Structures are given as structure tokens and as C-alpha cells.
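Excluded from the calculations below are hydrogen atoms, water molecules and symmetry mates; all remaining heavy atoms, backbone and side chain alike, are included. Please read all numbers here as calculations on a predicted model, not as lab measurements.
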Amino acid sequence: MHPYSYHRPGDLAEAEEVLAGDGDRRPLAGGMSLIPVMKHRLAAPSDLVDLAAVGGLTGIAVEPATLAVRAMTTHATVAASPSVKERIPALAALAGGIGDPLVRNRGTIGGSLANNDPAACYPSAVLALDAEIVTTRRRIAAGGFFTGMFETALERDELIVEVRFPVPASASYRKFPNPASRFSIVGVFVARLTDGAVRVAVTGAGPCVFRVAAFERALAASFDPGALAEIAVPADGLTSDIHGSAEYRAHLIKVLTEDAVADCR
């Protein structure tokens with residue numbers, strides 16, 4: 001690990017001020033992704049800005065049609081929350097399947113989204129549920145937040161404050177996990193929104209989370225696994241690696257979507 005300077009701001013204003021300084025300064029949430037890559041010398045930030053002491057960044061708020069999850073809320077907290085289980089049970093199930101107990105009790109929703117690992121679970125829920133990412137500067141719609149592999153719309157000194165999830169009519173998440181890391185080889189989040197729209201978001205299969213428009217159109221017309229029978233997922237642009245070919249992932253996308261649709265009903 002390369003040497004770095006450590007900062008522990010007490011509030012958001014101080015955190016932003018430190019992040020705006022010279023050098024490669026990185027915010028530190030749970031550290032479940034950043035610390036390992038630093039240990040392997042794949043990243044060498046000049047400064048770490050630990051958000052653990054910043055007040056007001058944990059907790060889950062229930063509103064009439066929305067569930068607001070603060071950025072430093074851990075995966076374990078989301079998974080165990082009675083409010084999440086009642087209003088968006090698929091989100092609780094997703095959080096409960098992330099990594100292992102250590103990762104779930106240290107990792108945070110804001111850190112996961114800001115990192116935007118191509119195999120992370122949360123981006124599929126954010127995109128499928130048409131969530132809104134609230135930052136220290138603005139509100140970003142899910143469709144404009146994820147911009148590429150490990151890339152988002154966040155500016156260098158901009159921090160996620162909370163994620164606002166509209167409560168769907170129904171939703172389900174299905175994941176084919178890597179047996180070691182529990183990251184998604186393919187993960188599919190299906191949501192039926194209250195306006196009748198259907199959204200299908202896929203993680204693990206490409207360089208960034210994406211939606212499957214053909215599935216969405218078919219399911220909006222008939223929300224049944226059989227509606228997907230004649231639709232093939234193209235393998236072009238999907239990931240091929242030691243865990244599975246692009247063609248295999250294309251097959252998994254369809255199978256997992258069918259399972260998720262059946263679970264939604």
C-alpha cells in the first residue's frame with residue numbers, strides 16, 4: 001500500500017472542503033472495495049477522507065410513496081430493516097445477499113453506488129426502481145447516474161447523501177453469484193412500477209448496469225414469464241471471462257428474468 005494522508009471530517013461541509021484539495025483525494029465509506037485495491041497497489045490516492053464521523057448519513061426514512069436510504073447505511077441494516085422488508089422486500093433480499101457478513105456490516109449503499117462495480121448488486125435496484133440519488137449538490141436520476149465501468153456522474157468532491165427509492169407495485173431480484181466473492185456473474189432486478197411500467201435492470205453481465213428494453217415492452221403488455229419466450233438476449237457487448245462467456249451470460253439474463261417475473265406475481 002502506498003502512503004497517504006488520512007482525514008476524518010465531522011460534517012459534510014468539512015468533507016467537501018477536504019475533498020476539493022489538491023491531489024487524488026478519495027472518500028472512504030465502508031472501504032470494502034477501496035482498501036483491497038489499495039493493498040494490491042491498483043489505486044494510490046494521496047488522501048483518504050473517512051466519512052464515518054459525518055453525522056446524518058445513516059438511517060432509513062419512510063415516506064408515502066418513497067423509501068429514503070441514507071448513504072452510509074450498511075447492507076446489513078437495509079437487509080434487516082422492517083420498513084424495507086414491508087415496502088420493497090426485493091431490496092432487502094438483495095442487500096442480504098451481498099458478500100459475506102463482514103462486507104454486509106461494513107459496506108454501505110452510498111459507497112457501492114459511487115464505486116459502480118460492474119458486478120455490484122445495488123445498481124440494478126437503483127436503475128430498475130427508477131431511484132433518485134441525492135448528493136451534496138443535486139438530485140441525479142438513476143438513468144443518468146451510471147456512466148461506465150467504475151464511473152458515475154459524481155464530481156470529484158461530490159458526495160452521495162441518500163438514495164430515494166419509489167415503492168413499486170412489486171419487484172424481485174435474482175442473482176447467479178460468483179461462489180467466492182458473491183458478486184453477480186449475472187443479476188436481474190425486475191420492477192413493476194405503480195404507473196404500470198415494467199423495468200428490467202441487469203448487473204454483472206456487462207461493463208455497466210443496463211436495462212433490457214425488449215423484455216420491458218413484452219412484460220408491460222403481459223406480465224408473465226411466457227411473454228419472454230420468443231425474445232433472445234444478444235451476446236454482443238456482454239462480458240466474457242473465466243466465470244462465463246457472453247453467450248452464457250445472455251442465457252442467464254433470460255432465465256433470471258423469467259424467475260424474477262414469476263416471483264413478482
Answer yes if [X] and [Y] sit in the same cluster of Ile, Leu, Val, Met, Phe, Trp and Tyr residues linked by side chain heavy atoms under 4.5 Å apart, and no otherwise.
X      : Y      : answer
Tyr173 : Leu252 : no
Phe215 : Val126 : no
Ile98  : Val186 : no
Val209 : Ile185 : no
Val188 : Leu127 : no

Nearest 0.5 Å please: distance from the [atom1] atom of [X] over to the [atom2] atom of [Y].
X      : Y      : atom1 : atom2 : value
Asp259 : Phe176 : CG    : CZ    : 12.0 Å
Arg249 : Ser184 : CZ    : OG    : 10.0 Å
Thr152 : Phe145 : OG1   : CZ    : 4.0 Å
Arg174 : Asp263 : CZ    : CG    : 4.0 Å
Met32  : Thr108 : CE    : OG1   : 9.5 Å
Leu57  : Leu159 : CG    : CG    : 8.0 Å

Could you tell me which non-hydrogen atom of [X] sits nearest to which non-hydrogen atom of [Y], and how far apart they are?
X      : Y      : result
Thr203 : Ala120 : OG1-O, 2.6 Å
Thr73  : Gly59  : OG1-N, 3.0 Å
Ala44  : His2   : CB-CD2, 3.6 Å
Ser33  : Asn115 : OG-ND2, 3.4 Å
Ala29  : Met72  : CB-SD, 3.7 Å
Asp11  : Val54  : C-CG1, 3.8 Å

Kindly indicate whether the side chain of [X], heavy atoms from C-beta on, has any atom under 4.5 Å from the side chain of [Y].
X      : Y      : value
His243 : Tyr248 : no
Thr77  : Val69  : no
His7   : Asp50  : no
Phe165 : Ile60  : no
Pro207 : Pro118 : no
Glu86  : Val62  : no
Met38  : Tyr4   : yes
Thr194 : Pro166 : no

* To do: List the steps and the verdict of side chain to side chain contact (heavy atoms under 4.5 Å, CB included) for Val261 and Val200.
  => CA-CA 10 Å; Val261 171; Val200 179; over 6 Å; no
Answer yes or no: is there a donor N or O on one side and an acceptor on the other, between the side chain of [X] and the main chain of [Y], under 3.5 Å?
X      : Y      : result
Arg104 : Ala95  : no
Arg182 : Asp100 : no
Thr257 : Ile253 : yes
Arg25  : Val18  : yes
Ser124 : Val202 : no
Asn105 : Pro101 : yes
Lys175 : Cys121 : no
Asn116 : Glu151 : yes
Lys254 : Ala229 : yes

* Once the angle between the rings of Tyr122 and His75 is folded into 0 to 90°, is it parallel (under 30°), tilted (30 to 60°) or perpendicular (over 60°)? -> tilted
* Asked: Yes or no on side chain to side chain contact (heavy atoms under 4.5 Å, CB included) for Val78 and Leu91, after CA distance, side-chain angles and deciding distance?
  -> CA-CA 8 Å; Val78 175; Leu91 183 62; 4.2 Å; yes
* Are there more than 12 heavy atoms of other residues, nucleotides or ligands under 6.0 Å from atom NE2 of His40? -> no
* Full working for salt bridge (charged side-chain N to carboxylate O under 4.0 Å, His left out) between Glu155 and Arg137 -> CA-CA 10 Å; Glu155 300 294 337; Arg137 297 180 182 177; 5.2 Å; no
* Evaluate the criterion side chain to side chain contact (heavy atoms under 4.5 Å, CB included) for residue pair Arg138 and Glu158; output intermediate values, then yes/no. => CA-CA 9 Å; Arg138 52 186 169 149; Glu158 184 177 17; 2.7 Å; yes
